[in-house]
Amino acid sequence: MLVADDEAMVRAGVRAVLARDPGIEVVAEAADGHEAVGAAREHRPAVALVDIQMPRLDGIAAAARIYRDLPDTAVIMLTTFGEDRFIAQALKAGASGFLLKADDPRELLSGVHAVAAGGAYLSPRVAARVISGLRAGRLPDGVPSRHPMDRLTGRERAVLALLGAGWSNAEIAARLNLVEGTVKAHVSAILGKLGMRNRVEAAIAAWEAGIVGRDR
């Protein structure tokens with residue numbers, strides 16, 4: 001795992017939290033965006049935790065480069081800010097997770113494991129902001145507004161509706177009487193058909209299309 005933040009104290013705190021989990025190993029640190037990209041290319045970590053506001057190259061730009069050059073490295077954005085514009089920019093950059101520095105440390109561990117397993121993760125406070133906006137009929141500025149749902153099969157729509165409601169692959173499998181591997185295949189097909197990068201964008205599309213709650 002890579003930890004990128006321009007504040008040494010923050011990096012030390014993050015490492016201390018991560019050290020609680022024997023399944024997580026920090027292989028590199030970075031103090032700015034350029035260092036983060038270089039360290040990611042050198043070490044190819046499964047997960048890169050990247051602060052949004054860093055010198056020389058900000059975290060959003062660094063995340064975009066990591067996503068472009070290292071598709072097997074999942075990026076989680078870490079910030080003190082919760083404004084919608086940062087959430088949208090992080091998603092557009094290809095981030096798979098978004099955490100606030102004020103979140104419970106347990107959220108950090110949950111987020112790392114989720115994205116390392118190929119999923120996506122928004123901390124509860126970030127998710128609440130996104131879902132609140134979706135229910136109010138609006139999306140954060142910059143989030144793609146595209147949902148060609150006619151490309152999906154009936155089963156894929158059902159999977160997407162549950163994904164949009166925040167269900168895990170295991171929960172979706174139990175609800176639809178499928179094996180978890182089949183659900184993963186459906187999710188991959190959904191992302192490909194909708195042109196989405198990750199589960200978060202797909203969930204937003206599901207809410208925007210109005211199928212969450214309707215197709216369940």
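One is the number of the first residue; the rest follow in order along the sequence. Basis for what follows: all heavy atoms, side chains included, without hydrogens, waters or symmetry-related copies.
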Residue that, paired with Leu108, satisfies side-chain contact (heavy atoms from CB on, under 4.5 Å) out of Asp103, Ile76, Leu49: Leu49
Minimum heavy-atom distance His43-Ala28, with the two atoms named: CD2-CB, 3.5 Å
Side chain proximity check, Lys193 to Thr153, heavy atoms < 4.5 angstrom: yes
Test item: Ile172 and Leu178 side chains (from C-beta on) under 4.5 Å apart, heavy atoms: no
Close side-chain approach of Val3 and Leu18, heavy atoms under 4.5 Å: yes
Rounded distance (nearest 0.5 Å) linking atom NE2 of His186 with atom CG of Asn169: 11.0 Å
Leu162 with Leu160, same ILVMFWY side-chain cluster at under 4.5 Å: yes
Student check: side-chain heavy atoms of Leu70 and Arg41 closer than 4.5 Å: yes
Donor-acceptor under 3.5 Å (Glu35 side chain, Ala31 main chain): yes
Contact summary for Ala74 and Ser96, nearest pair of heavy atoms: CB-OG, 4.3 Å
ILVMFWY cluster, Ile60 and Leu122 together (side-chain gap under 4.5 Å): yes
Exercise: identify the closest heavy-atom pair between Tyr67 and Ala93: CB-O, 3.6 Å
Stepwise side chain to side chain contact (heavy atoms under 4.5 Å, CB included) test for Leu194 and Glu156: CA-CA 11 Å; Leu194 299 185; Glu156 288 167 351; over 6 Å; no
Nearest-0.5 Å distance, CD of residue Glu107 to CG of residue Leu99: 7.5 Å
CG on Asp51 to CD on Gln53, rounded to 0.5 Å: 7.5 Å
Atom pair CG/CE of Leu100 and Met77 - distance to nearest 0.5 Å: 12.0 Å
Test item: Arg157 and Ile211 side chains (from C-beta on) under 4.5 Å apart, heavy atoms: yes
His113 side chain reached by Ile24 side chain, heavy atoms, under 4.5 Å: yes
Nearest-0.5 Å distance, CG of residue Asp58 to NE2 of residue His34: 10.0 Å
Residues that Arg56 engages under salt bridge (Lys or Arg N to Asp or Glu O under 4.0 Å), provided they are two or more places apart: Asp32
Same apolar cluster: Met149 and Leu191, side chain cutoff 4.5 Å: yes
Leu2 reachable from Val17 in the ILVMFWY side-chain graph, under 4.5 Å edges: no
Backbone of Arg106 reached by a side-chain donor or acceptor of Ser110 within 3.5 Å: yes
Heavy-atom side-chain proximity of Leu163 to Val183 below 4.5 angstrom: no
Salt bridge (Lys or Arg N to Asp or Glu O under 4.0 Å) against Arg65, all qualifying residues, sequence neighbours excluded: none
Same cluster (ILVMFWY, side-chain, under 4.5 Å), Trp167 and Leu152: yes
Heavy-atom pair with the smallest gap, counting every atom of Pro45 and Ala40: CD-O, 3.6 Å
Rounded distance [0.5 Å steps], CZ in Arg15 versus CZ in Arg20: 15.0 Å
Test item: Phe98 and Thr79 side chains (from C-beta on) under 4.5 Å apart, heavy atoms: yes
Sidechain-backbone polar pair: Thr80 side chain, Lys101 backbone, donor-acceptor under 3.5 Å: no
Residue pair Asp72, Arg44: steps toward the salt bridge (Lys or Arg N to Asp or Glu O under 4.0 Å) verdict: CA-CA 8 Å; Asp72 291 334; Arg44 297 183 177 273; over 6 Å; no
